[in-house]
Visitor: 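Sharing a structure with you now.
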2 protein chains.
Amino acid sequence: MNSVCSISAPKGRPREFDIDVALGKALLVFWRNGYEAASMTELTSAMGITKPSLYAAFGNKEALFNKALDLYEREKLAYMTSALDAPSARGVAERLLRGALEMQMSTCDPKGCLGVISAATCGAEAETIKAAVVKRRASSEAALIRRFEEAQAAGELPEGMTPAALTRFLFAILQGLALQGGSGATCTELSELVATSMAVWPTK
Amino acid sequence: MNSVCSISAPKGRPREFDIDVALGKALLVFWRNGYEAASMTELTSAMGITKPSLYAAFGNKEALFNKALDLYEREKLAYMTSALDAPSARGVAERLLRGALEMQMSTCDPKGCLGVISAATCGAEAETIKAAVVKRRASSEAALIRRFEEAQAAGELPEGMTPAALTRFLFAILQGLALQGGSGATCTELSELVATSMAVWPTK
DNA sequence: ATGCCTATATACCGCTCGGTATGAATAGCG
DNA sequence: CGCTATTCATACCGAGCGGTATATAGGCAT
């Protein structure tokens, strides 16, 4: 009886595809096209499965997107949380900018930022999608604000510059970086943008 | 014979709607929804005309969008060219930021920037749309770069900071401003973003 | 071997999309 | 008046959309 140690006993016919691999393929399609423009036909063909399999495994298109968004945050946005460990506010900003730059310069992944693309893509149908993305961004923002509050307590911030304002300023640059990256900017242009941002970053 | 002074003698049945008013309505729909998500049904209903009238007057959806984009640049982005008249690079930046902020805070117009929305919305179908928007942005960028070259010649820029890099930095902030404005940021948050940007703007 | 349960594949659903054929209405011109 | 030219309104087109009904294939326990 070795069935005890195994994860479970899947009773019916076993699934013929790897659900995580398929989700990764779906992520790439959403990333390239945005939520609305990614059709089920393109998704299923990229994932190598048929529509009923997709619906059985993921629910529907919106649920699939949310799971892809989870994967995106977990794998591609890991640098955002790890950046908070930097010893100074300036170090946090630099890590965030360099992390975002590295992502845009990666040749294997699509350009642009899935979050930025999805938030800007605002068909009336996709209102709930937009809300989900904005909500996720808000939690990242909150974490960054908390980190900058520590920095402020440590006396790192110039007077009259609130942690929240600095956070939104940095986010604006990151969003601009992703947008320009998705619009055909070259790697040198983007790294110049990062360099300029670091050059003007406030020092008390 | 007073037909000489008139523009022309339109022979057939006269058009029953004002083509410029209709274009303005179409612009609002594109602005709110982006190119792809703006359906012909919503467009015609907002414009108060039927589909055949729309096609006869504007060609097709893409041509309508381009004409709406013309109108948008002419009316809503006028501050971008007038900002170049500011006496210093810093003044140019301030005028651009304040102009963008004013647009986001206007209560009558949709939030966000039509250009930003349309460039980020990149279904494979809308590739040509995206290219048109990016091309227009490039010409604005070029104008700003030229203005900052003058500033550099006047000794306004810090060493090692090229006009092109400063332009893309400023554009990134403007894009971030539009994106946050389109994602539900409040007016005070956006004006804080502008204030922070001006606070860190390089002074030689 | 026989049910049982699940995944697969095909074919299909209603709906909306951008775009158009068609015929009636309305003007100028002879 | 008739003729021509243009716009208007209705109704329609093929195609693609997200999503599903149905039937078959394939592992498990009994």
Side-chain angles (χ1 to χ4, degrees), chain A residues 1-23 26 29-30 33-68 121 123-129, chain B residues 1-23 26 29-30 33-68 121 123-129:
Chain A
M1 303 289 184
N2 57 359
S3 70
V4 173
C5 62
S6 184
I7 303 168
S8 75
K11 286 185 68 177
R13 175 177 174 176
R15 181 172 284 125
E16 294 181 357
F17 63 95
D18 185 318
I19 204 167
D20 292 317
V21 172
L23 184 58
V29 175
F30 282 126
N33 297 1
Y35 175 74
E36 301 209 54
S39 73
M40 297 302 296
T41 308
E42 187 173 356
L43 283 166
T44 49
S45 116
M47 298 165 84
I49 63 178
T50 60
K51 273 197 277 187
S53 297
L54 191 154
Y55 277 82
F58 298 100
N60 60 8
K61 190 183 178 184
E62 183 171 345
L64 175 63
F65 179 79
N66 279 310
K67 283 171 184 165
T121 299
E125 177 207 354
E127 206 69 37
T128 153
I129 296 292
Chain B
M1 304 288 185
N2 57 0
S3 72
V4 173
C5 63
S6 185
I7 303 168
S8 76
K11 285 186 70 176
R13 174 176 177 176
R15 181 173 284 126
E16 294 180 0
F17 63 94
D18 185 318
I19 204 167
D20 291 316
V21 173
L23 185 57
V29 176
F30 281 129
N33 298 2
Y35 175 74
E36 301 209 55
S39 72
M40 296 303 293
T41 308
E42 187 173 357
L43 283 166
T44 51
S45 117
M47 299 164 83
I49 63 178
T50 61
K51 273 198 276 187
S53 299
L54 192 153
Y55 277 84
F58 299 100
N60 59 10
K61 189 182 179 184
E62 184 171 347
L64 175 64
F65 179 78
N66 280 311
K67 283 169 183 165
T121 300
E125 177 204 354
E127 207 68 39
T128 153
I129 296 291

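In the text below, chain A, chain B and the rest are named by the order of the sequence lines, each starting its count at 1. Heavy-atom basis, side chains included; hydrogens, waters and symmetry copies ignored.
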Visitor: Give the rounded distance in Å between these two atoms: OH of Y35(B) and C1' of dC17(C).
Guide: 12 Å

Visitor: Drop me the distance from N66(B)'s CG to F30(B)'s CZ, to the nearest 0.5 angstrom.
Guide: 9.0 Å

Visitor: What is the distance, to the nearest angstrom, from the CD atom on E36(A) to the P atom on dG16(D)?
Guide: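 Interatomic distance, CD of E36(A) to P of dG16(D): 19 Å.
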
Visitor: Check whether any side-chain heavy atom of K61(A) sits under 4.5 Å from a side-chain heavy atom of M40(A), and report yes or no.
Guide: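 SC-SC contact between K61(A) and M40(A) confirmed.
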
Visitor: List for me each residue that meets side chain to side chain contact (heavy atoms under 4.5 Å, CB included) alongside D18(A), sequence neighbours excluded, and say none if there are none.
Guide: D20(A), V21(A)

Visitor: If we only count heavy atoms from C-beta on, is the F17(A) to R15(A) side-chain gap below 4.5 Å?
Guide: yes

Visitor: Tell me the interatomic distance from R15(A), atom CZ, to dA9(C), atom P, rounded to whole angstroms.
Guide: 13 Å

Visitor: Quickly work out the N33(A) CG to dG18(D) P distance and round it to whole Å.
Guide: 11 Å

Visitor: In residues 46-67 of chain A, which ones come under 4.0 Å of DNA chain D, going by heavy atoms?
Guide: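 When residues 46-67 of chain A is checked for heavy atoms under 4.0 Å from DNA chain D, the hits, listed by number, are K51(A), P52(A), Y55(A), N60(A), K61(A).
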
Visitor: Between atom CG in L43(A) and atom P in dG19(D), what is the gap in whole Å?
Guide: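 About 11 Å, once rounded to whole Å.
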
Visitor: Give the rounded distance in Å between these two atoms: CD of E16(B) and C1' of dT7(D).
Guide: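 For the pair E16(B) CD and dT7(D) C1', the rounded distance is 7 Å.
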
Visitor: When you measure only distances, ignoring hydrogens and angles, does the side chain of R13(B) come within 3.5 Å of the base of dT7(D) through a donor and an acceptor?
Guide: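 Answer yes: a donor N or O sits under 3.5 Å from an acceptor.
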
Visitor: Nearest 0.5 Å, what's the OH-CG distance between Y35(B) and L64(B)?
Guide: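 Interatomic distance, Y35(B) OH to L64(B) CG, rounded to 0.5 Å: 8.5 Å.
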
Visitor: In whole Å, what is the span from the NZ atom of K11(A) to the C1' atom of dG3(C)?
Guide: 11 Å

Visitor: Side chains of residues 45-58 of chain A: which donor-acceptor partners sit under 3.5 Å, not counting sequence neighbours?
Guide:
| from | atom 1 | to | atom 2 | distance (Å) |
| --- | --- | --- | --- | --- |
| T50(A) | OG1 | S53(A) | OG | 3.3 |

Visitor: Starting the side chain at C-beta, find the nucleotide from dA25(D), dC8(D), dG18(D) nearest to S39(A).
Guide: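 Selected nucleotide (nearest to the side chain): dG18(D).
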
